[in-house]
Amino acid sequence: MTPHLATFPIHNENGPRMRATLIPDASGVSPHLSGLQPTPRNLASAVRALARIDELGWVPLGGYPGSDVLWPVHCLVCDDWDGDRFYSHLRRNRPAFRHPGCIARSEHAAVLAKLAGRAQQTCRCLVSHPTSEKEVATTLAVIAEAQLQLDYARMLTEIDRLLGACPATGVRAEALTAHLETVKQEKQGVA
(Lines give C-alpha, C1' and ligand atoms only; values in the text may rest on other atoms or scores of the structure.)
Protein backbone atom coordinates (compact mmCIF):
# COMPACT_ATOMS: atom_id res chain seq x y z
CA MET A 1 0.00 0.00 0.00
CA THR A 2 1.45 3.39 -0.93
CA PRO A 3 0.50 6.84 0.34
CA HIS A 4 -1.35 9.19 -1.87
CA LEU A 5 -1.93 12.87 -1.79
CA ALA A 6 -5.40 14.31 -2.01
CA THR A 7 -5.97 17.97 -2.72
CA PHE A 8 -8.92 19.91 -1.48
CA PRO A 9 -9.91 23.44 -2.52
CA ILE A 10 -9.78 26.03 0.23
CA HIS A 11 -10.33 29.74 0.19
CA ASN A 12 -8.39 32.40 2.05
CA GLU A 13 -7.56 36.09 1.67
CA ASN A 14 -5.52 35.24 -1.46
CA GLY A 15 -8.43 33.56 -3.21
CA PRO A 16 -9.00 29.86 -3.97
CA ARG A 17 -6.04 27.55 -3.46
CA MET A 18 -5.47 23.85 -3.18
CA ARG A 19 -4.44 22.32 0.13
CA ALA A 20 -2.58 19.06 0.01
CA THR A 21 -3.45 16.45 2.59
CA LEU A 22 -1.67 13.14 2.93
CA ILE A 23 -4.02 10.22 3.09
CA PRO A 24 -2.24 8.10 5.72
CA ASP A 25 -1.41 4.45 5.38
CA ALA A 26 1.24 1.98 6.49
CA SER A 27 3.91 3.08 4.00
CA GLY A 28 6.16 4.81 6.51
CA VAL A 29 5.78 8.38 5.23
CA SER A 30 6.74 10.77 8.02
CA PRO A 31 4.20 13.07 9.67
CA HIS A 32 6.94 15.73 9.42
CA LEU A 33 6.61 15.76 5.62
CA SER A 34 3.03 16.34 4.58
CA GLY A 35 2.68 14.59 1.26
CA LEU A 36 6.39 14.76 0.45
CA GLN A 37 8.75 11.87 0.03
CA PRO A 38 11.80 11.88 2.35
CA THR A 39 14.27 12.84 -0.36
CA PRO A 40 17.46 14.71 0.61
CA ARG A 41 16.08 17.88 -0.98
CA ASN A 42 12.73 17.66 0.85
CA LEU A 43 14.45 16.91 4.16
CA ALA A 44 16.81 19.86 3.71
CA SER A 45 13.94 22.16 2.76
CA ALA A 46 11.96 21.05 5.81
CA VAL A 47 14.89 21.65 8.20
CA ARG A 48 15.37 25.17 6.82
CA ALA A 49 11.63 25.90 6.85
CA LEU A 50 11.26 24.83 10.47
CA ALA A 51 14.13 27.08 11.53
CA ARG A 52 12.81 30.04 9.54
CA ILE A 53 9.22 29.91 10.77
CA ASP A 54 10.47 29.47 14.34
CA GLU A 55 12.54 32.63 13.88
CA LEU A 56 9.43 34.46 12.62
CA GLY A 57 7.18 33.38 15.49
CA TRP A 58 5.19 30.58 13.90
CA VAL A 59 4.93 26.92 14.88
CA PRO A 60 3.81 24.18 12.46
CA LEU A 61 0.61 22.30 13.16
CA GLY A 62 1.38 19.72 10.48
CA GLY A 63 4.21 18.37 8.44
CA TYR A 64 6.15 20.52 5.99
CA PRO A 65 4.13 20.40 2.75
CA GLY A 66 6.53 22.25 0.44
CA SER A 67 7.03 25.90 -0.30
CA ASP A 68 3.88 26.72 -2.24
CA VAL A 69 1.32 24.55 -0.48
CA LEU A 70 -0.69 25.86 2.46
CA TRP A 71 0.82 24.84 5.79
CA PRO A 72 -1.22 24.84 9.00
CA VAL A 73 0.57 27.03 11.56
CA HIS A 74 0.03 28.65 14.94
CA CYS A 75 1.00 32.28 15.61
CA LEU A 76 3.33 32.58 18.60
CA VAL A 77 3.26 36.38 18.48
CA CYS A 78 -0.32 36.56 19.77
CA ASP A 79 -0.50 32.85 20.74
CA ASP A 80 -4.17 32.89 19.77
CA TRP A 81 -4.48 32.04 16.06
CA ASP A 82 -4.26 28.90 13.97
CA GLY A 83 -4.54 28.99 10.21
CA ASP A 84 -2.92 28.19 6.91
CA ARG A 85 0.01 30.03 5.35
CA PHE A 86 2.28 29.43 2.39
CA TYR A 87 5.87 28.85 3.48
CA SER A 88 7.02 30.81 0.42
CA HIS A 89 5.34 33.84 2.04
CA LEU A 90 6.50 33.08 5.58
CA ARG A 91 10.16 32.70 4.62
CA ARG A 92 10.10 36.25 3.21
CA ASN A 93 8.17 37.40 6.30
CA ARG A 94 5.13 38.14 4.16
CA PRO A 95 2.47 39.13 4.50
CA ALA A 96 3.59 41.85 6.90
CA PHE A 97 0.01 41.67 8.22
CA ARG A 98 0.18 38.36 10.10
CA HIS A 99 -3.53 37.62 10.46
CA PRO A 100 -6.77 39.20 11.70
CA GLY A 101 -6.71 39.76 15.45
CA CYS A 102 -2.93 39.65 15.91
CA ILE A 103 -1.24 42.17 18.18
CA ALA A 104 -0.23 45.54 16.72
CA ARG A 105 2.57 45.37 14.17
CA SER A 106 4.56 47.86 16.28
CA GLU A 107 4.76 45.19 19.02
CA HIS A 108 5.96 42.33 16.78
CA ALA A 109 9.70 43.03 17.11
CA ALA A 110 9.62 42.96 20.91
CA VAL A 111 7.66 39.71 21.02
CA LEU A 112 9.90 38.09 18.40
CA ALA A 113 13.00 39.14 20.36
CA LYS A 114 11.53 37.52 23.48
CA LEU A 115 10.72 34.34 21.53
CA ALA A 116 14.28 34.29 20.12
CA GLY A 117 15.55 34.17 23.70
CA ARG A 118 14.25 30.62 24.06
CA ALA A 119 16.48 29.34 21.24
CA GLN A 120 19.36 27.12 22.31
CA GLN A 121 22.76 26.41 20.80
CA THR A 122 22.67 22.74 21.78
CA CYS A 123 19.95 20.12 21.82
CA ARG A 124 18.95 19.11 25.33
CA CYS A 125 15.98 17.03 24.26
CA LEU A 126 15.40 13.52 25.59
CA VAL A 127 15.94 12.17 22.07
CA SER A 128 18.88 14.12 20.67
CA HIS A 129 18.52 16.04 17.43
CA PRO A 130 21.51 16.52 15.11
CA THR A 131 23.06 19.96 15.63
CA SER A 132 26.52 19.50 14.13
CA GLU A 133 27.53 19.00 10.52
CA LYS A 134 28.79 15.49 11.31
CA GLU A 135 25.56 14.54 13.12
CA VAL A 136 23.43 15.84 10.23
CA ALA A 137 25.53 13.90 7.70
CA THR A 138 25.21 10.72 9.75
CA THR A 139 21.45 11.15 10.16
CA LEU A 140 20.93 11.71 6.42
CA ALA A 141 23.05 8.65 5.65
CA VAL A 142 21.03 6.50 8.06
CA ILE A 143 17.76 7.74 6.51
CA ALA A 144 19.02 6.86 3.01
CA GLU A 145 20.21 3.43 4.15
CA ALA A 146 16.89 2.72 5.90
CA GLN A 147 15.00 3.70 2.73
CA LEU A 148 17.09 1.28 0.64
CA GLN A 149 16.47 -1.50 3.15
CA LEU A 150 12.75 -0.64 3.39
CA ASP A 151 13.23 -0.26 7.14
CA TYR A 152 10.41 2.24 7.68
CA ALA A 153 10.60 2.20 11.48
CA ARG A 154 14.27 3.17 11.42
CA MET A 155 13.69 5.73 8.68
CA LEU A 156 10.85 7.38 10.63
CA THR A 157 12.91 7.45 13.82
CA GLU A 158 15.76 9.24 12.05
CA ILE A 159 13.42 11.65 10.24
CA ASP A 160 11.90 12.49 13.62
CA ARG A 161 15.40 13.18 14.98
CA LEU A 162 16.08 15.44 12.00
CA LEU A 163 12.75 17.29 11.90
CA GLY A 164 11.30 16.97 15.40
CA ALA A 165 10.61 20.02 17.53
CA CYS A 166 13.74 21.25 19.29
CA PRO A 167 14.85 24.58 20.81
CA ALA A 168 18.07 24.25 18.77
CA THR A 169 16.26 24.24 15.42
CA GLY A 170 18.32 27.19 14.13
CA VAL A 171 21.61 25.45 14.92
CA ARG A 172 20.32 22.31 13.21
CA ALA A 173 19.58 24.32 10.05
CA GLU A 174 23.06 25.89 10.16
CA ALA A 175 24.62 22.42 10.50
CA LEU A 176 22.60 21.15 7.54
CA THR A 177 23.63 24.16 5.42
CA ALA A 178 27.28 23.53 6.32
CA HIS A 179 26.92 19.85 5.40
CA LEU A 180 25.37 20.67 2.03
CA GLU A 181 28.18 23.14 1.31
CA THR A 182 30.77 20.47 2.18
CA VAL A 183 29.06 17.99 -0.15
CA LYS A 184 28.97 20.60 -2.93
CA GLN A 185 32.67 21.40 -2.51
CA GLU A 186 33.57 17.71 -2.51
CA LYS A 187 31.65 17.19 -5.75
CA GLN A 188 33.40 20.17 -7.36
CA GLY A 189 36.78 18.84 -6.24
CA VAL A 190 36.04 15.46 -7.85
CA ALA A 191 34.70 16.92 -11.11
Side-chain angles (χ1 to χ4, degrees), residues 3-25 27-38 41-120 123-127 129 131 156-157 159-173 176:
H4 65 281
L5 195 63
T7 55
F8 302 96
I10 61 144
H11 301 273
N12 67 9
E13 69 273 11
N14 297 317
R17 300 285 189 264
M18 298 303 284
R19 178 174 184 177
T21 303
L22 184 67
I23 306 301
D25 63 15
S27 69
V29 173
S30 171
H32 296 292
L33 297 169
S34 180
L36 299 175
Q37 294 301 311
R41 180 179 177 184
N42 288 341
L43 291 168
S45 295
V47 167
R48 289 179 175 139
L50 291 168
R52 180 64 177 148
I53 69 166
D54 182 65
E55 176 185 2
L56 297 172
W58 299 94
V59 65
L61 298 177
Y64 174 70
S67 184
D68 292 317
V69 177
L70 286 168
W71 193 3
V73 293
H74 174 77
C75 177
L76 293 174
V77 171
C78 70
D79 203 26
D80 192 36
W81 184 85
D82 296 343
D84 296 320
R85 290 287 183 256
F86 291 101
Y87 173 63
S88 60
H89 296 180
L90 294 178
R91 75 172 172 238
R92 295 185 309 258
N93 202 17
R94 301 185 78 123
F97 171 75
R98 290 179 71 91
H99 59 82
C102 195
I103 65 172
R105 187 173 179 190
S106 61
E107 299 174 38
H108 288 182
V111 174
L112 290 173
K114 185 176 179 180
L115 289 171
R118 66 191 167 97
Q120 296 178 4
C123 173
R124 296 186 184 123
C125 299
L126 186 58
V127 174
H129 298 97
T131 56
L156 289 172
T157 298
I159 290 173
D160 189 50
R161 285 189 62 239
L162 185 66
L163 300 177
C166 178
T169 189
V171 174
R172 180 173 52 193
L176 174 98

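Atom set for the values below is all heavy atoms of this structure, side chains included, hydrogens, waters and symmetry mates excluded. For the single chain, residues carry numbers from 1 onward in sequence order.
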Check whether any side-chain heavy atom of [X] sits under 4.5 Å from a side-chain heavy atom of [Y], and report yes or no.
X      : Y      : answer
Cys102 : His108 : yes
Leu33  : Leu163 : yes
Pro65  : Pro72  : no
Trp58  : Cys75  : yes
Phe86  : Leu70  : yes

What are the two closest non-hydrogen atoms of [X] and [Y], and how far apart are they?
X      : Y      : answer
Cys166 : Cys125 : SG-SG, 3.7 Å
Leu56  : Arg98  : O-NH1, 2.9 Å
Ser88  : Asp68  : OG-OD1, 2.7 Å
Trp71  : Ile53  : CH2-CD1, 3.7 Å
Leu162 : Leu43  : CD2-CB, 4.0 Å
Val77  : Leu115 : N-CD1, 4.5 Å

I need the [X] [atom1] to [Y] [atom2] distance, nearest 0.5 Å.
X      : Y      : atom1 : atom2 : answer
Cys123 : Arg161 : SG    : CZ    : 8.5 Å
Asp54  : Leu112 : CG    : CG    : 10.0 Å
Leu90  : Arg52  : CG    : CZ    : 9.0 Å
Ile103 : Asp79  : CD1   : CG    : 10.5 Å
Cys78  : Glu107 : SG    : CD    : 11.0 Å

Exceeds 12 heavy-atom contacts within 6.0 angstrom, atom CZ of Arg41: no

Test item: side-chain donor near acceptor, Asp160 and His129, under 3.5 Å: no

Side-chain donor-acceptor contact under 3.5 Å, Arg172 with Thr169: yes

Aromatic plane relationship, His99 with Trp81 - under 30° parallel, 30 to 60° tilted, over 60° perpendicular: parallel

